[in-house]
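Some notes on the structure that comes next.
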Amino acid sequence: MSRIRPYGDATDDGKVQLSFTLPVEWSEAADEAARQLVGKMGFTDVQVVEGRRIAKDFSFFVVYASTAQSIDFATIKAPSAKEHAMSMDEVDAYVQESLGRKIRIAGACIGTDAHTVGIDAILNMKGYKGDYGLERYHSFETFNLGSQIAVEDFVKFAKEHEVDALLASQVVTQKGSDVKNFTALAELLEAEGLRDRVVLICGGPRVTNLMASELGYDAGFGRGTLPSEVAAFVAVTLANRRVATH
Amino acid sequence: MSRIRPYGDATDDGKVQLSFTLPVEWSEAADEAARQLVGKMGFTDVQVVEGRRIAKDFSFFVVYASTAQSIDFATIKAPSAKEHAMSMDEVDAYVQESLGRKIRIAGACIGTDAHTVGIDAILNMKGYKGDYGLERYHSFETFNLGSQIAVEDFVKFAKEHEVDALLASQVVTQKGSDVKNFTALAELLEAEGLRDRVVLICGGPRVTNLMASELGYDAGFGRGTLPSEVAAFVAVTLANRRVATH
Amino acid sequence: MELRIDPSTVDRCRALARAIVSPVSDFIAAHSTVAVERSVLRLLGVDGVGADEIPVPNLILDGLSAQDRSRGVAVAFGRGLAETGLAPAALGAAIAAGTVRLADFADVPEAAARGVLAPFVAASLARIRERRAEREERLERLPQLPPPLLYVIVASGNIYEDRTAAVAAAEAGAQIIAVIRSTGQSLLDFVPFGPTTEGFGGTYATQENFRIMREALDEAGEREGRYIMLTNYASGLCMPEIATMAAIERLDMLLNDSMYGILFRDINMKRTFVDQHFSRMLNAYSGIIINTGEDNYLTTADAVEQAPAVLASQFINEAFAHRAGMPDRQIGLGDAYEISPDLEDGFLYQVAQAQLTRQIFPNAPLKYMPPTKHMTGDIFKGHLIDAMFNLTSVMTKQTIHLCGMLTEAIHTPFLGDRVLAIENAQYVMNTARHFGDEIQIKPDGIIERRAQGVLTGCDALLERVAEIGLMSAIEAALFADVKRPPDGGRGFDGVFERAPEYWNPFEDALQGATV
Amino acid sequence: MELRIDPSTVDRCRALARAIVSPVSDFIAAHSTVAVERSVLRLLGVDGVGADEIPVPNLILDGLSAQDRSRGVAVAFGRGLAETGLAPAALGAAIAAGTVRLADFADVPEAAARGVLAPFVAASLARIRERRAEREERLERLPQLPPPLLYVIVASGNIYEDRTAAVAAAEAGAQIIAVIRSTGQSLLDFVPFGPTTEGFGGTYATQENFRIMREALDEAGEREGRYIMLTNYASGLCMPEIATMAAIERLDMLLNDSMYGILFRDINMKRTFVDQHFSRMLNAYSGIIINTGEDNYLTTADAVEQAPAVLASQFINEAFAHRAGMPDRQIGLGDAYEISPDLEDGFLYQVAQAQLTRQIFPNAPLKYMPPTKHMTGDIFKGHLIDAMFNLTSVMTKQTIHLCGMLTEAIHTPFLGDRVLAIENAQYVMNTARHFGDEIQIKPDGIIERRAQGVLTGCDALLERVAEIGLMSAIEAALFADVKRPPDGGRGFDGVFERAPEYWNPFEDALQGATV
Ligand code: B12
Ligand code: B12
Ligand SMILES: Cc1ncc(COP(=O)(O)O)c(C=O)c1O
Ligand SMILES: Cc1ncc(COP(=O)(O)O)c(C=O)c1O
């Protein structure tokens with residue numbers, strides 16, 4: 001049985017916790033409004049366990065309720081970009097064997113995003129959580145462009161330095177700026193005829209591999225990514241493409 | 001405009017926080033399942049901000065999403081049982097004036113419920129949060145039957161002691177036991193022909209006045225109730241009924 | 001971290017508690033109860049249910065004459081064994097089926113009865129020792145993490161869902177699992193039988209439920225490389241029977257308070273005193289750690305005011321436990337974090353109380369209970385109150401740490417709630433691991449003066465109790481503001497005086513037994 | 001609670017910082033920047049935007065010849081005033097509209113220029129003093145709650161939603177409201193104009209936004225009976241201009257760090273040094289408390305390792321601030337709770353650092369920043385980390401307390417998040433109000449040794465910096481592992497040497513001014 005539903009304290013009870021603010025002064029009617037609202041969302045057994053005034057014309061609610069919705073887990077497609085698990089040494093050996101040259105890789109925080117800690121964690125020598133960064137690999141030549149890199153500059157750099165793989169990072173997601181920037185990058189690479197010549201990867205705390213593929217990327221890496229996971233993906237993808245050395 | 005929708009950081013953004021457990025081993029597919037599930041609940045802009053293994057075959061999720069649902073606040077009917085605000089002295093004076101005798105009131109935790117702290121807070125001399133309990137009122141003669149009182153015994157007591165008002169408490173709500181017990185009490189009073197002769201009140205942390213009226217009670221009191229609120233309601237209701245002294 | 005408290009006051013309190021317990025012990029020695037006798041039967045191997053789901057031990061006791069009962073069920077039952085040649089389980093079944101009546105064997109000589117019982121008694125005790133050795137072996141092989149030992153409850157009402165929840169909790173880091181009983185089981189004068197799939201607010205304590213859970217936790221323990229302890233509730237009308245079942249199914253702890261049933265469940269005091277004693281003798285022998293219920297004083301009344309009563313109760317529980325032969329390491333005295341979160345410096349009072357208990361009972365595996373009364377539907381705030389509780393626990397080196405649930409005011413815990421609660425404790429206890437060792441309490445400051453005040457108050461209370469005697473003190477509502485008459489309350493009809501020839505083979509064996 | 005630290009090491013650090021800052025001050029005295037000059041114009045009353053939304057002060061500066069610029073904009077602008085007879089605002093507008101060119105007035109005698117400016121300068125300073133007096137009057141009448149002062153951010157990108165959020169937060173207990181700037185405003189070499197309804201990750205710092213928010217908070221303050229402080233960000237390419245606007249609109253605090261822009265925004269170091277100085281002179285005069293940005297060292301690198309750098313930066317910020325005439329009570333030195341929640345005893349290290357800062361800067365209104373880096377989507381855990389931060393703050397008597405948001409890793413705060421954050425701080429700080437006073441730190445224990453180690457490390461770092469000079473030290477990546485060349489980075493083209501006849505009427509007036 002692959003249909004699943006939230007589990008509170010019994011199989012299929014569908015229990016979900018919600019919290020939200022409503023722009024009304026608190027009263028018993030506000031509690032009731034919260035209850036009806038959650039009912040309209042399709043939940044049953046709605047319990048407004050907390051409802052209180054938090055400011056003039058604002059009330060806060062905590063609600064527990066049951067959902068009748070379920071998901072057939074067997075139908076979920078979310079291919080992982082992290083399946084090619086290899087250690088640094090293994091990646092180095094693999095690249096030596098399969099490509100016989102260094103992979104040129106460039107990373108940047110694109111658009112106006114200045115959150116470099118994430119992409120640095122992947123690229124810098126030091127790495128992340130004890131997993132060394134790509135700079136430490138013998139098999140990579142890395143270029144870390146840093147923060148707030150315009151998509152145009154990133155593509156220009158890729159062209160000039162004949163990079164094999166592009167790593168674009170987006171941490172700020174407000175108003176969909178991440179999707180906008182990622183899309184712009186993919187489209188510009190396409191327009192420049194470069195798209196098929198590079199491995200195109202995006203990353204950031206809200207990125208998923210699925211979202212990446214929907215945006216036309218080869219892979220996407222989310223929260224908690226380790227450098228070696230990225231290294232392995234790039235190496236395997238390039239080897240599979242058996243791209244001739246430029 | 002009385003249509004309201006959850007408020008995150010902008011009017012009508014509809015932002016809601018959810019959390020739940022799914023009975024699957026964590027994987028990127030589990031995150032995706034959570035995302036799709038919340039989508040099926042009718043939310044948009046679904047962000048699975050946390051998804052992780054919490055045990056074998058169980059994953060926990062925190063999600064933020066937007067709901068398109070709204071509520072017309074003007075249509076919400078939730079009459080309060082707490083509107084007759086009076087102090088203890090005012091109640092005593094009011095009862096003296098309007099009824100000219102003591103009101104006989106009996107309270108109990110009905111069914112198997114043993115949570116007496118709530119009903120004690122209403123009845124005991126000491127009261128709750130600095131508001132004296134009904135035992136301290138000159139205008140009430142109170143009987144606190146205590147815990148785990150069978151509905152039959154409660155009704156029998158009411159009959160024998162000719163009480164004017166019954167206060168039933170339910171704190172345990174699992175498997176709807178509160179609704180079951182409240183209903184049983186109301187029905188038995190009806191069957192015994194007593195229903196119209198008493199003020200029938202229920203209370204407990206999950207009780208609302210609306211729910212009480214749906215169950216055929218005169219009023220329901222929820223979390224944070226003060227004794228004086230109950231006293232005022234009973235006094236005013238009895239006065240309005242102008243019930244002749246038995 | 002150390003409070004300066006007056007050791008002579010502590011000594012005096014301990015002596016007063018001994019003096020308080022002493023006359024009650026004389027009473028205990030002269031009485032037995034139906035529950036004690038039923039547990040003798042269970043120890044012998046009698047189990048199962050008869051018509052109307054009535055447990056066989058109850059059917060047998062109900063069938064005894066008052067006179068037979070006053071001599072202890074062992075002799076009457078032994079006569080039946082001797083006469084029928086059946087094993088205890090089979091004899092029990094036969095009695096339940098109505099095919100055999102113990103009254104028919106009145107003529108069998110007592111010596112024969114005693115003789116036939118001896119090997120069953122020995123085997124029963126050997127079995128308990130075996131379970132105990134098994135625990136010790138496992139603990140050796142699968143050591144627990146250092147205390148505070150994280151303790152969580154499961155309470156779905158369905159033992160199979162409870163099992164799922166328990167195994168998940170163990171994996172998340174729980175070291176002790178408690179299966180909460182179904183509402184009001186303590187008031188049942190029998191122990192339900194078989195696996196439970198529909199309880200209210202909990203799952204019945206039955207031997208089968210114990211077994212199912214023990215098995216699951218043993219497996220989980222092997223997987224995690226840590227022994228996972230299992231606990232349940234004894235206090236109530238069936239204390240000795242549950243102690244028996246727990247010994248047999250290798251539970252590791254039991255809620256067992258010498259006065260909980262009296263004060264909080266209106267169980268007759270004589271019944272409780274007799275029952276708690278025999279149940280604790282069994283607990284002592286089976287290596288089970290008891291958990292006392294001082295938290296109840298705090299949930300039903302003001303926590304700041306009740307502090308001296310909590311300490312007094314701890315002294316009394318300790319004295320009763322010592323009387324039953326329990327070593328300090330098995331006496332899990334209770335306390336709870338129940339001071340209002342709105343009180344300025346409430347945290348300081350909590351630290352004072354927790355540290356005071358720690359210093360007064362240095363060898364007891366203290367059981368620290370989480371905030372419950374002041375928890376509300378605001379799960380976010382609740383999670384924080386739990387965090388301050390967790391901090392207090394690690395600072396004051398509590399032993400058994402019941403993890404507070406952010407949903408305490410809402411429902412019995414969801415699987416996810418339990419994990420969040422465990423993670424709360426793990427985070428706080430790790431980030432502040434040695435904080436308690438790295439600070440000193442200001443002499444004569446708020447914390448120290450509070451602790452001293454509680455001790456003084458306890459001393460005064462115990463003195464009054466000693467003066468008028470424990471039973472009268474309870475009658476005078478000196479504990480928890482609750483008034484209980486000596487012959488009132490539930491289960492009084494199950495208490496009886498021992499005849500001069502009264503015999504309880506297990507009591508004899510356990511008396512003075514050292515393991 | 002008191003750490004034993006070596007006072008002579010503290011003294012040496014302070015002396016080293018003074019020595020480090022001294023040559024930089026000489027550099028500052030010999031230079032000005034476009035931002036300083038633009039703020040002179042703003043102080044005179046020039047405001048508004050011209051074509052392409054370019055602010056009038058920028059248009060004027062852009063129109064100056066290099067020579068005119070090197071003499072300070074005041075003279076050229078004064079000439080225009082003298083010649084046209086217009087008020088500064090009108091002259092600015094005319095220049096923006098292209099109807100007047102300052103270059104045309106080169107012949108007006110300098111004395112005339114100076115003369116015509118004098119009353120405007122006096123009026124401008126009087127206005128600032130007025131706003132300052134107004135603040136003092138209000139604070140007197142509407143006293144704040146005692147510290148830690150709860151500080152929350154609003155950052156919706158829409159000043160009107162921000163206003164709603166700020167008023168709600170004030171009612172919930174916030175004492176200070178910060179309006180976070182739109183992404184990367186620090187890199188803009190101009191200050192945007194007018195109310196913002198669409199920012200990214202924040203709302204532009206504009207004078208109109210300041211005004212809207214000040215008005216709303218004044219109203220809220222009257223309602224609550226507590227003055228509500230308003231703060232924004234100065235550091236960046238427009239430090240002095242924002243300091244000007246803040247003075248005029250009666251902001252109460254400003255983020256103003258002497259090195260933040262250099263290290264964390266790649267702003268040219270010379271630009272930053274000059275800008276921070278003039279901006280701080282203005283801050284000093286307007287009674288604005290500055291908040292320094294040491295938290296940034298901790299979010300971008302390992303917090304345990306960076307501790308000495310944080311302390312060193314605090315000493316340097318203090319020395320620069322003193323140079324600008326700031327009294328200690330206006331120097332809100334920064335620190336943050338950024339040690340990994342997974343580190344055993346991490347809480348002890350945090351307490352050590354916070355208490356160390358408190359003791360070394362006893363009169364500074366310390367600004368304590370919440371955990372951000374280790375916050376994740378697990379809002380439940382995040383809320384707990386914030387609680388431990390809140391506890392540390394109240395224990396070590398921090399002054400300005402930025403409330404951590406449980407949704408830190410997710411979005412700029414929702415209205416409800418902010419209330420939960422405030423309630424977290426209120427609960428923890430109340431329940432543990434006097435805990436810090438009631439404990440002592442174990443001599444030579446983990447906490448004390450950590451604090452001593454940080455101080456020693458800081459001493460060593462400052463010594464190296466003093467040796468090679470601050471600019472070379474930054475070039476050598478001694479701070480935050482970030483390497484910045486003296487002539488690199490943004491805004492370098494806006495730095496220029498002062499001509500011998502350079503004149504800044506406000507600088508002259510502020511120098512040595514005491515309020
Ligand atoms: C540190 C920090 C900063 C620092 C950044 C310093 C720096 N040099 O990076 C400073 C203080 C400068 C800063 C500024 C701002 N910040 Co900021 N910041 C953070 C913070 C606290 C931590 C981010 C971080 O370093 N995480 C640690 C790293 C290791 O994790 P990570 O980025 O997820 O990276 C991992 C993976 O995602 C992945 N990954 C990431 N990128 C890539 C790329 C590739 C190709 C691959 C393969 C993998 C990969 O691998 C990494 C390792 O596993 C977050 C809150 C939080 N706790 O997340 C807010 C946060 C990200 N910031 C935020 C905001 C709004 C801002 C500002 C806009 C505020 C303002 N108005 O000034 C500015 C804008 C700066 C800008 N122009 O972008 C918001 C974003 C809201 C949103 N969802 O849109 C957050 C969430 C805080 C909040 N709640 O408001 N910030
Ligand atoms: C204290 C307590 C106990 C004490 C009760 C002592 C006593 N003498 O009352 C003890 C330890 C005995 C206990 C036992 C159990 N408890 Co209990 N207990 C609580 C606890 C911690 C506090 C309840 C309380 O006293 N609140 C304070 C009072 C003042 O608030 P109140 O009841 O809401 O009353 C106010 C209003 O609601 C109103 N009101 C209440 N009644 C009435 C009636 C009228 C007429 C009116 C007008 C107003 C009114 O006025 C009061 C003042 O404002 C709650 C958790 C929590 N924090 O809420 C769990 C809780 C209620 N218990 C629970 C459970 C499951 C049990 C047990 C079943 C556990 C078990 N398996 O053994 C047993 C069952 C006992 C039984 N047979 O009912 C669950 C209930 C789950 C559910 N929603 O169904 C809770 C929520 C804990 C949990 N998360 O699991 N419990
Ligand atoms: C010591 C003790 N025993 C038993 C129980 C529970 O038993 P019951 O709820 O079945 O009375 C408690 C509950 O708090 C307790 O503290
Ligand atoms: C001292 C200081 N100034 C300014 C800022 C923010 O300015 P911006 O994000 O616009 O660079 C920060 C942010 O952390 C800071 O610490």
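Chain letters run A, B, ... following the sequence lines, proteins first, then strands; residues in each count from 1.
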Under a 3.5 Å cutoff, is there a donor and acceptor pairing between the side chains of B:Asn181 and B:Asp113?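 Absent: no donor and acceptor within the cut-off.
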
Between B:Thr173 and B:Asp178, is any side-chain donor less than 3.5 angstrom from a side-chain acceptor?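 Looking only at side-chain atoms, B:Asp178 and B:Thr173 do not form any donor-acceptor pair under 3.5 Å.
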
Taking the six-membered ring of B:Tyr132 as reference, does the NZ or CZ atom of B:Arg136 fall below 6.0 Å from its centre and within a 45° cone about the axis?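 Judged by the rule (NZ or CZ under 6.0 Å from the ring centre, within 45° of its axis), B:Arg136 counts as positioned above B:Tyr132.
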
Name the region of [X], side chain, backbone, both or neither, that has any atom closer than 4.5 Å to a heavy atom of chain D.
X	result
B:Thr11	both
B:Phe61	neither
B:Gln47	neither

Is chain B contacted by the side chain of D:Tyr160, its backbone, both, or neither, given a heavy-atom distance below 4.5 Å?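 It is neither, since no heavy atom gets under 4.5 Å.
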
Is D:Asn158 close to chain B through its backbone or its side chain, or both, or neither, when contacts mean heavy atoms under 4.5 Å?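 D:Asn158 has no heavy atom closer than 4.5 Å to chain B.
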
Can D:Tyr233 and D:Asn291 be said to form a side-chain hydrogen bond (donor to acceptor under 3.5 Å, both in side chains), step by step? CA-CA 9 Å; D:Tyr233 294 69; D:Asn291 294 179; over 6 Å; no

Centroid-centroid distance, D:Tyr297 to D:Phe264, less than 6.0 Å: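 Ring-ring flag for D:Tyr297/D:Phe264: true, centres closer than 6.0 Å.
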
